[in-house]
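Per chain, numbering begins at 1; letters A, B, ... match sequence-line order. No experiment lies behind these values; they were computed from the predicted model shown.
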Amino acid sequence: MNIFIIVSTSPWGSTLGLTALRFAEQVVSGGDAVNGIFFHEDGVYHAQAGSTNEAGVADLTSAWHHLAVSQDFPLLVCQASARRRFPGDSQVLADLNGFSEAGLAQFLEHCAAADRVVKF
Amino acid sequence: MNIFIIVSTSPWGSTLGLTALRFAEQVVSGGDAVNGIFFHEDGVYHAQAGSTNEAGVADLTSAWHHLAVSQDFPLLVCQASARRRFPGDSQVLADLNGFSEAGLAQFLEHCAAADRVVKF
Amino acid sequence: MVEKAATDLGLVIHTAPFAQRSARTQLDIALAAGVLEMSMEVFFIGPAIYQLVDGKEPHLAGLAGGMRGWKTLPQLSHIRCYAECDWVQRIDSSRLMLPIEAVSGPVMREKMGRCNRVLGF
Amino acid sequence: MVEKAATDLGLVIHTAPFAQRSARTQLDIALAAGVLEMSMEVFFIGPAIYQLVDGKEPHLAGLAGGMRGWKTLPQLSHIRCYAECDWVQRIDSSRLMLPIEAVSGPVMREKMGRCNRVLGF
Amino acid sequence: MVAEDPNACLHLVMSPLRSVLSRCLVLTRSGDQVVFLGDGVLLLVDPRFDSVALTGCQISILASDARARGIPLEQFPGEVAAVTEAALVGLVKRCPHSLSWL
Amino acid sequence: MVAEDPNACLHLVMSPLRSVLSRCLVLTRSGDQVVFLGDGVLLLVDPRFDSVALTGCQISILASDARARGIPLEQFPGEVAAVTEAALVGLVKRCPHSLSWL
């Protein structure tokens with residue numbers, strides 16, 4: 001099965017970001033595929049490395065990047081959400097960490113191409 | 001009366017930031033004083049100019065700065081909240097827009113010095 | 001009798017209209033789906049129905065406008081809207097930007113289950 | 001009879017323990033107040049009482065630790081903790097890091113009203 | 001100039017969720033001031049909102065937030081006062097303590 | 001390998017607030033899967049949580065989130081299944097639709 005994952009919460013606002021990452025890892029290790037991750041609303045902060053520089057708390061940005069590269073799926077950052085939150089050129093910021101900006105048409109195409117859509 | 005104001009919400013997460021600003025303006029125009037604003041949790045994004053570059057939505061950062069300078073009260077950014085959210089040197093970022101980092105002891109001193117504390 | 005094709009997209013809207021301040025998240029997704037000519041059923045849960053109330057003055061709270069985009073959706077694709085009876089009853093229907101069917105939870109659940117894809121926001 | 005001095009700080013905690021993930025906001029304020037030797041009354045509303053439950057394994061959800069700082073507060077200043085009866089009843093008292101007085105809402109409201117300064121988080 | 005009310009607490013209800021209001025009610029008593037603002041204004045149009053729990057409290061709604069969200073102020077009974085940001089300053093001055101419920 | 005259940009919806013409850021669960025219940029029916037995770041695990045220890053509304057649904061709790069928050073898994077009756085992230089993948093595959101309630 002192809003699973004599309006939406007992440008809507010910031011790395012510090014809840015534990016759901018880590019749960020989404022673990023979920024994606026389990027999808028892959030169980031023999032299914034992730035066809036992309038869409039970072040929406042406060043989820044766009046996952047594209048900003050070093051966001052959670054707190055002792056004992058994992059930096060999810062590089063973990064997402066690592067998984068996406070090894071499994072060849074895209075990390076899509078919602079363009080509208082990012083532009084509302086990041087001053088200046090959010091595309092540059094996203095690029096740096098292996099994420100890319102996406103519009104809602106692209107989002108809906110990934111939803112349609114997946115067998116399941118799940119949101120964290 | 002001396003009123004201390006806490007802002008805990010981001011400029012895009014709710015309308016409470018604008019309400020806090022209007023409240024502070026009304027305190028001043030009614031002849032009372034604001035002894036400081038404490039930007040806490042997601043409120044620290046108020047220190048980041050250009051956060052809300054959306055048509056029809058005011059950029060609160062410069063409005064806060066303008067009011068604080070004219071009334072001579074400090075814009076305090078919670079150090080722990082800022083370090084969790086801003087990669088790199090959050091002090092530099094805050095300084096740029098007339099905000100300064102503050103710890104919780106400073107926060108409690110401002111609370112104690114005020115006649116009223118109100119949180120948005 | 002020809003069997004009716006399933007609706008492409010079921011959109012479940014369950015947060016307050018301005019929960020992320022711009023309030024456009026849900027509308028923008030509906031518009032994007034409309035442009036792609038996807039048929040839609042939109043389910044408004046609780047206060048989400050206030051998305052469709054016309055005559056808002058968002059500038060009064062520093063909010064962006066543009067909510068009237070809901071009105072243009074029927075020109076883009078097939079759309080049906082549902083909301084909970086008790087919420088709809090309290091709103092003057094002349095103020096709603098799209099026709100709403102006031103239904104019960106079980107009816108919404110049934111219709112939702114028959115959509116090809118369901119998204120909740 | 002000497003009149004008891006009013007408590008310096010009433011701290012009302014009404015959000016879930018990890019609502020801002022680090023869960024330290026409320027504890028950090030309590031610790032800062034303790035260091036300033038402010039006397040405190042802490043009012044736990046609803047699930048906030050889980051702040052004081054020992055034996056958490058925050059690393060399992062990628063959360064930072066440090067919640068045991070609550071235990072050190074009585075060494076810094078005078079502190080009393082209150083929580084709602086129905087929430088306290090469901091927790092094994094041996095798991096709580098500080099003594100809790102299980103009281104009703106009106107009793108909490110009364111005690112809160114007599115604090116010199118009240119802060120809610 | 002409003003007189004200070006030494007026993008009153010000002011409750012600022014900013015969430016549209018009834019269970020956040022339930023938490024507020026734990027610390028609310030007769031004579032307190034309750035203001036609905038931000039997304040909290042939607043609570044006043046919630047069909048399951050029960051004002052009985054607030055008996056004895058003065059209930060207000062921030063007019064700008066209500067109108068921004070399409071909530072007509074005329075629909076409220078006399079017990080709900082529509083207030084401006086300036087009036088909110090008056091309420092803060094009147095009550096020694098305030099609590100925000102979000 | 002779990003069989004697909006074409007009529008089931010998976011509900012992910014991520015909020016500790018009962019009124020968010022109320023919204024979820026509007027679209028929940030017998031045969032659905034309901035998983036409590038994130039801060040939503042606290043709902044299962046809420047004294048006013050009423051599992052009757054979920055009759056006919058399989059209820060699960062994400063074990064790591066419960067233990068992280070100090071909620072002992074032993075305290076739940078047999079009707080609540082403690083699940084891992086891997087089991088959550090299984091539930092997603094089993095149900096054609098999922099809704100997240102935050």
(request) Go through the atoms of Val12(C) and report whether side chain, backbone, both or neither lie under 4.5 Å from a heavy atom of chain F. (result)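 For Val12(C), side-chain heavy atoms alone lie under 4.5 Å from chain F.
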(message) If I measure from the heavy atoms of chain F, does Glu84(C) come under 4.5 Å with its side chain, its backbone, both, or neither?
(response) side chain
(message) The test is side chain to side chain contact (heavy atoms under 4.5 Å, CB included); show your working for Met112(C) and Leu99(F) and say whether it passes.
(response) CA-CA 11 Å; Met112(C) 184 196 92; Leu99(F) 286 171; 3.7 Å; yes
Closest contact, heavy atoms only, [X] versus [Y]:
{"X": "Pro96(F)", "Y": "Arg117(C)", "value": "O-NH1, 4.3 Å"}
{"X": "Arg109(C)", "Y": "Asn7(F)", "value": "NH2-O, 3.0 Å"}
{"X": "His14(C)", "Y": "Leu102(F)", "value": "CE1-N, 4.4 Å"}

(request) Check whether any side-chain heavy atom of Arg23(F) lies under 4.5 Å from a side-chain heavy atom of Pro47(C), and answer yes or no. (result) yes
(message) Counting heavy-atom pairs closer than 4.5 Å to chain F, which one of Gly46(C), Cys115(C), Gly10(C) comes out on top?
(response)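 Option with the greatest count: Cys115(C).
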(message) Please check if the number of heavy atoms outside Arg48(F) that lie under 6.0 Å from its CZ is greater than 12.
(response)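 No, because the 6.0 Å sphere around CZ of Arg48(F) holds 12 heavy atoms or fewer from other groups.
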(request) Give a yes or no on whether Arg68(C) atom CZ has more than 12 heavy-atom contacts from other residues, nucleotides or ligands under 6.0 Å away. (result) no
(message) Would you compute the distance between atom OG of Ser22(F) and atom CD1 of Ile45(C) and round it to the nearest 0.5 angstrom?
(response) 11.5 Å
